[in-house]
Amino acid sequence: MKTLKSAKVGETVTVVKLHGEGAVKRRIMDMGLTKGVEVHIRKVAPLGDPIEVTVRGYELSIRKADADMIEIA
C-alpha cells in the first residue's frame, strides 16, 4: 500500500482511500482530501514534517502522521 507520506516531491498522485477513524478522517476530508482527488506534492520541510501539497487549487500542509492515512495510486 502506497501512502501520501511515501510520495516524492514533484509527483502528482490520486487519492484511492482514506484510513483512520472518526474525527481524524473527518478532518482530512474537510481539508479536501477525498477519494479520486489529485494531489501534487510541492515540498517537504527540512526535518521531513510537514508535507506541503496542492489539492483542489490551494496549498495545504499536512503532518506525516496524517499523510500516512491517505492511500494513493
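Every heavy atom of this structure was used, including side-chain atoms; hydrogens, water molecules and symmetry mates were not.
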Candidate pair Ile51 and Val53, rule side-chain contact (heavy atoms from CB on, under 4.5 Å), full reasoning: CA-CA 6 Å; Ile51 301 166; Val53 299; 4.0 Å; yes
Pair Val44-Glu52, side-chain contact (heavy atoms from CB on, under 4.5 Å): steps then yes or no: CA-CA 6 Å; Val44 178; Glu52 188 175 308; over 6 Å; no
Heavy-atom closest contact (Val16 atom, Lys35 atom, distance): O-CG, 3.4 Å
Non-hydrogen atoms of Lys2 and Glu11 that approach each other most closely: NZ-OE2, 3.1 Å
Glu38 atom CD, over 12 foreign heavy atoms within 6.0 Å: no
Check against side-chain contact (heavy atoms from CB on, under 4.5 Å), Val15 and Leu4: CA-CA 8 Å; Val15 176; Leu4 192 59; over 6 Å; no
Side-chain H-bond candidate by donor/acceptor type, Arg56 with Thr34, under 3.5 Å: yes
side-chain contact (heavy atoms from CB on, under 4.5 Å), paired with Arg26, selected from Val24, Ile28, Asp30: Asp30
Please table the atom pairs, donor to acceptor, closer than 3.5 Å between any side-chain atom in residues 65-73 and protein atoms at least two apart or in another chain.
from	atom 1	to	atom 2	distance (Å)
Asp66	OD2	Arg27	NH1	3.3
Asp66	OD2	Arg27	NH2	3.1
Asp66	OD2	Arg63	NE	3.4
Asp66	OD2	Arg63	NH2	3.3
Asp68	OD1	Thr3	OG1	3.2
Glu71	OE1	His19	NE2	2.9

Min side-chain heavy-atom separation Thr54-Val39 under 4.5 Å: no
Which atom of Ile62 lies closest to which atom of Asp49, heavy atoms considered: O-OD1, 4.4 Å
